[in-house]
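Structure first, commentary second.
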Amino acid sequence: MTSQPVLLVIAHGSRDPRHAATVHALVRCVRARRPGLRVETGFLDFNIPSVPGVLESLAAEGVRDVVALPLLLTRAFHAKADIPAVLREAPARLRVHQAEVLGPSPLLTAALERRLYEAGLTPADKSSTGVVLASAGSTDPEAIAVIAEIAREWRHTGWCAVRPAFASASLPRTEDAVRELRALGCERVAVAPYVLAPGFLPDRIARGAAEADVLADVLGPAPEVARVLLERYDEAHVPVLAALGA
């Protein structure tokens with residue numbers, strides 16, 4: 001019987017120590033949900049272990065198959081260019097299969113709502129609350145379109161209104177979206193950061209939420225996020241086993 005591939009979670013990395021701590025907390029949740037699965041973490045920049053370092057170590061151990069999962073919410077530059085370039089440099093003895101990014105997913109929307117409720121809202125508040133879906137931002141039109149579509153779909157679940165906002169590269173900014181929802185007449189305004197871990201851009205989102213009534217926490221190690229990671233692993237895992245004739 002063929003052993004299951006190692007799951008390598010690839011995070012961006014940050015000089016902010018909260019970023020790596022949150023990534024590791026999420027990975028612990030993934031391990032807890034599936035104890036028999038080996039899960040490793042690698043960073044593209046700033047933190048260790050690096051992705052190349054983890055791949056070299058796995059190859060030296062004799063591991064043959066790895067599912068590399070980008071810890072990203074949209075398919076932007078890192079998923080399309082940076083990560084594939086790093087994976088192409090993996091040791092030849094490793095078979096590395098890149099999984100899809102995490103979003104979009106109904107589970108991530110559920111995680112956003114979890115964070116809003118943890119910040120003080122209740123389901124009864126939905127019809128009178130406008131929500132800013134605040135993402136890091138991207139120069140990639142596909143990624144921006146995905147955020148806008150998530151906001152449109154989320155609005156249909158009962159919120160007074162939902163507006164996308166971006167901390168960089170695109171407009172509007174969080175503070176502008178907050179003011180727009182106020183102008184629409186929403187009784188209260190909440191900001192839901194569509195980001196995985198704290199850092200420079202999430203801090204910018206928090207500053208932009210100064211005039212909002214509610215600021216939710218980052219998604220972090222929410223159980224729904226851990227479930228999405230395992231879903232993406234399984235989606236990549238099945239083709240791997242098929243190719244191996246398992």
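Keep in mind that this is a model prediction, so the values were computed, not measured.
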(request) Evaluate the criterion side chain to side chain contact (heavy atoms under 4.5 Å, CB included) for residue pair Cys160 and Glu187; output intermediate values, then yes/no. (result) CA-CA 9 Å; Cys160 176; Glu187 185 175 315; over 6 Å; no
(request) Could you note down all residue pairs passing ring-ring contact (aromatic ring centres under 6.0 Å, His included) where residues 38-68 supplies at least one of them, sequence neighbours left out? (result) His24-Phe43
(request) Check for a donor-acceptor pair, side chain of Thr129 on one end and backbone N or O of Lys126 on the other, with a separation under 3.5 Å. (result) no
(message) Salt bridge check, Glu40 against Arg38: does any charged N sit closer than 4.0 Å to a carboxylate O?
(response) yes
(message) Restricting to non-hydrogen atoms, name the atom on Pro164 and the atom on Pro172 that form the minimum distance, rounded to 0.1 Å.
(response) O-CG, 3.4 Å
(request) Output yes when a side-chain donor or acceptor of Gln98 lies under 3.5 Å from a complementary backbone atom of Ala79, and no otherwise. (result) yes
(message) Check this for me, if you would: do Arg163 and Glu180 make a salt bridge, where the nitrogen-to-carboxylate-oxygen distance has to be below 4.0 angstrom?
(response) yes
(message) Give me the atom names and distance for the closest heavy-atom approach of Glu231 to Leu107.
(response) OE2-CD1, 3.5 Å
(request) Look only at the side chain of Gln4 and the backbone of Gly36, and say whether a donor-acceptor pair between them is shorter than 3.5 Å. (result) yes
(message) Between Arg64 (side chain only) and Arg93 (backbone N and O only), is there a donor and an acceptor less than 3.5 Å apart?
(response) yes
(request) Mind listing the closest non-hydrogen atom pair of Ala226 and Leu26 along with its distance? (result) N-CD1, 3.9 Å
(message) Main chain of Ala136, side chain of Ser168: is a donor-acceptor contact present, judged purely on distance under 3.5 Å?
(response) yes
(request) Give a yes or no on whether a salt bridge exists between Asp213 and Arg182, defined as a side-chain N under 4.0 angstrom from a carboxylate O. (result) yes
(request) Show your working on side chain to side chain contact (heavy atoms under 4.5 Å, CB included) between Tyr194 and Leu108 and close with a plain yes or no. (result) CA-CA 9 Å; Tyr194 191 58; Leu108 294 177; 3.5 Å; yes
(request) Write down the atom of Leu112, the atom of Pro193, and the distance for their closest heavy-atom approach. (result) CD2-O, 3.7 Å
(request) Show your reasoning for whether side chain to side chain contact (heavy atoms under 4.5 Å, CB included) applies to Leu69 and Leu102. (result) CA-CA 9 Å; Leu69 196 159; Leu102 303 184; 3.6 Å; yes
(message) Can a donor-acceptor pair be found, under 3.5 Å and without considering hydrogens, that links the side chain of Arg115 to the backbone of Asp217?
(response) no
(request) Give the cluster check for Ile48 versus Ile10: same hydrophobic cluster or not, with ILVMFWY residues linked at side-chain heavy-atom distances below 4.5 Å. (result) no
(request) May I ask you to decide if Trp159's main-chain N or O and Arg155's side chain share a donor-acceptor pair within less than 3.5 Å? (result) yes
(request) Spell out, yes or no, whether Val101 and Leu201 are grouped together once hydrophobic residues are joined by side-chain heavy atoms under 4.5 Å, including indirect joins. (result) no
(request) List, by chain and then residue number, the residues other than Val132 in its hydrophobic cluster (Ile/Leu/Val/Met/Phe/Trp/Tyr, side-chain heavy atoms under 4.5 Å); write none if there are no others. (result) Val178, Leu181, Leu184, Val189, Val191, Val195, Ile205, Leu215, Val218
(request) Answer yes when Arg152 and Glu149 have at least one side-chain N-carboxylate O distance shorter than 4.0 Å, and no when they do not. (result) yes
Would you give me the side-chain donor-acceptor pairs under 3.5 Å for residues 50-59, sequence neighbours excluded?
unit_1	atom_1	unit_2	atom_2	d
Ser50	OG	Gly53	N	3.0
Ser57	OG	Gly53	O	3.1

(message) Any heavy-atom pair between the side chains of Arg28 and Pro221 that's under 4.5 Å?
(response) no
(message) For the CG atom of Leu94 and the CG atom of Asp65, what is their distance to the nearest 0.5 Å?
(response) 8.5 Å
(message) What I want to find out is whether Arg34 reaches Asp234 closely enough, with some N-O distance under 4.0 Å, to be called a salt bridge.
(response) yes
(message) Surrounding CG of Leu171 (heavy atoms of other residues, nucleotides or ligands, distance under 6.0 Å), is the total greater than 12?
(response) yes
(request) For the pair Arg179 and Asp176, find out whether any cationic side-chain nitrogen is under 4.0 Å from an anionic carboxylate oxygen. (result) yes
(message) In the structure I gave you, are the side-chain heavy atoms of His19 and Asn47 within less than 4.5 Å of one another anywhere?
(response) yes
(request) Give the cluster check for Phe200 versus Phe166: same hydrophobic cluster or not, with ILVMFWY residues linked at side-chain heavy-atom distances below 4.5 Å. (result) no
(request) Test side chain to side chain contact (heavy atoms under 4.5 Å, CB included) on Val66 and His97 and set out the steps. (result) CA-CA 6 Å; Val66 175; His97 311 268; over 6 Å; no
(request) Check whether any side-chain N or O of Thr174 sits under 3.5 Å from a backbone N or O of Ala134 as a donor-acceptor pair, and report yes or no. (result) no
(message) Quick check for you: to the nearest 0.5 Å, what is the distance between Glu100 atom CD and Leu72 atom CG?
(response) 11.0 Å
(message) Looking at Glu142 and Lys80, is there a salt bridge between them, counting it only when a charged N and a carboxylate O are closer than 4.0 Å?
(response) yes
(message) To check you understand the geometry: which heavy-atom pair defines the closest contact between Ala197 and Pro202, and what is its length?
(response) O-CG, 3.2 Å
